[in-house]
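Note that the structure is predicted; figures quoted are calculated from it, not measured.
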Amino acid sequence: MASRTATDLVHPDRDELRFTEVTAALSDPVRLAIVARLAEVEPDGELACTTFALPVSKSTQSGHFRTLRESGVIRQRDEGTRRLNRLRRSDLDRRFPGLLDLAVASGRDVLDEWSAARGVTAIGA
């Protein structure tokens, strides 16, 4: 079985970020929730994929993280057996000022809805 780290993680350069690709990545509630959680640990924090309590299967989560990475919303890196994630706030704010702030606010709404549905006060911590 091949190691997860056998495949290079592809991240577009700032100048390669496309509005349509970024907004498409931000159009899903699960991805918005991921963005909101990552915003909670900014500016220097990173979160491992396994720390997200998302209402989807592990393979579906992987697809959501890949979509966010390939569109340029997040940066990922492998550290041992963990894949760490962080927002690309600086790049996104330069290319599309204010867009990430809107996405974070919408993602917080998603997290609040999930919490209310589960009868808890926070998800993912």
Side-chain angles (χ1 to χ4, degrees):
M1 182 161 144
S3 165
R4 173 183 62 215
T5 59
T7 304
D8 288 334
L9 295 173
V10 176
H11 300 91
D13 291 332
R14 178 189 302 157
D15 294 339
E16 296 172 328
L17 299 180
R18 300 291 170 249
F19 183 77
T20 54
E21 293 174 19
V22 171
T23 55
L26 296 173
S27 68
D28 183 275
V30 172
R31 292 192 289 267
L32 285 172
I34 292 169
V35 167
R37 285 281 294 125
L38 290 172
E40 292 173 2
V41 298
E42 284 188 304
D44 298 321
E46 298 175 305
L47 293 174
C49 293
T50 58
T51 63
F52 292 82
L54 301 171
V56 295
S57 70
K58 186 176 178 180
S59 62
T60 300
Q61 286 182 42
S62 295
H64 285 302
F65 282 105
R66 182 180 65 249
T67 297
L68 289 169
R69 182 186 74 244
E70 290 177 352
S71 68
V73 175
I74 65 171
R75 182 165 303 280
Q76 292 185 305
R77 69 181 181 88
D78 291 326
E79 183 178 271
T81 60
R82 301 182 318 157
R83 181 156 287 171
L84 299 174
N85 305 277
R86 75 171 44 225
L87 286 177
R88 292 182 60 181
R89 178 165 300 271
S90 176
D91 291 338
L92 290 166
D93 284 350
R94 284 221 170 154
R95 292 283 290 156
F96 314 112
L99 179 63
L100 191 56
D101 291 333
L102 292 171
V104 168
S106 293
R108 286 185 181 133
D109 290 344
V110 170
L111 290 172
D112 290 344
E113 289 171 17
W114 290 350
S115 294
R118 291 181 56 200
V120 296
T121 57
I123 287 188

Exercise for the section: Tell me, please, which residues at least two apart from Gln76 pass side chain to side chain donor-acceptor pair (under 3.5 Å). Expected result: Arg69, Asn85

Problem - Side-chain heavy-atom pair Asp28, Thr67 within 4.5 angstrom cut-off - result: no

Exercise for the section: Apply the test side chain to side chain contact (heavy atoms under 4.5 Å, CB included) to residues Leu26 and Leu102: give CA-CA distance (whole Å), side-chain angles for both, the deciding distance (0.1 Å), then the verdict. Expected result: CA-CA 10 Å; Leu26 296 173; Leu102 292 171; over 6 Å; no

Practice task
Among residues two or more places apart or on two chains, list those pairs meeting salt bridge (charged side-chain N to carboxylate O under 4.0 Å, His left out) that have a residue in residues 12-22.
Solution key: Arg14-Asp91

Practice task
Please assess Trp114 against Val30 for the test side chain to side chain contact (heavy atoms under 4.5 Å, CB included), listing each intermediate value before the final yes or no.
Solution key: CA-CA 10 Å; Trp114 290 350; Val30 172; 4.1 Å; yes

Practice task
Go through the steps for Leu92 and Leu87 under the test side chain to side chain contact (heavy atoms under 4.5 Å, CB included), then give the verdict.
Solution key: CA-CA 9 Å; Leu92 290 166; Leu87 286 177; 5.7 Å; no

Fill in the blank from the handout: Here the gap from Arg86 atom CZ to Glu42 atom CD, rounded to the nearest 0.5 Å, amounts to 9.0 Å

Handout entry: CZ-CZ distance between Arg83 and Phe65, expressed to the nearest 0.5 angstrom
Key = 10.5 Å

Handout entry: Shortest non-hydrogen contact between Val104 and Arg89, atoms and distance
Key = CG2-NH2, 4.0 Å

Practice task
Say whether Ile74 and Leu84 are linked into one hydrophobic cluster, either directly or through other cluster members, by side-chain heavy-atom distances under 4.5 angstrom.
Solution key: no

Completion exercise
Between Ala24 and Ser27, the two heavy atoms sitting closest are O-OG, 2.6 Å

Completion exercise
side chain to side chain donor-acceptor pair (under 3.5 Å) filter on Thr60, not counting sequence neighbours, yields Ser57

Problem - Distance in Å, Arg66 CZ paired with Leu9 CG, rounded so as to fall on 0.5 Å steps - result: 11.5 Å

Handout entry: Approximate separation, where rounding is to 0.5 Å, of Leu68 CG and Ile34 CD1
Key = 5.5 Å

Exercise for the section: Could you grab the distance from atom CG of Leu54 to atom CZ of Arg37, nearest 0.5 Å is fine? Expected result: 9.0 Å

Exercise for the section: Mind listing the closest non-hydrogen atom pair of Leu32 and Ser106 along with its distance? Expected result: CD1-CB, 4.0 Å

Handout entry: Shortest non-hydrogen separation from Val110 to Ala33 and the atoms involved
Key = CG1-CB, 4.2 Å

Problem - Gln61 (side chain) donor-acceptor with Val56 (main chain) under 3.5 angstrom - result: yes

Handout entry: Atom pair CG/CZ of Leu100 and Phe96 - distance to nearest 0.5 Å
Key = 11.5 Å

Problem - Nearest heavy-atom neighbours spanning Ser71 and Val22 - result: O-CG2, 3.4 Å

Fill in the blank from the handout: Here the pair of heavy atoms bringing Ala36 nearest to Leu111 is CB-CD1, 3.8 Å

Practice task
Could you tell me whether the side chain of Thr51 and the main chain of Leu47 form a donor-acceptor pair under 3.5 Å?
Solution key: no

Handout entry: Exam field: side chain Arg31 to backbone Ala25, donor-acceptor pair closer than 3.5 Å
Key = yes

Exercise for the section: Please tell me if the side chains of Glu46 and Arg77 come closer than 4.5 Å, counting only heavy atoms from C-beta onward. Expected result: yes

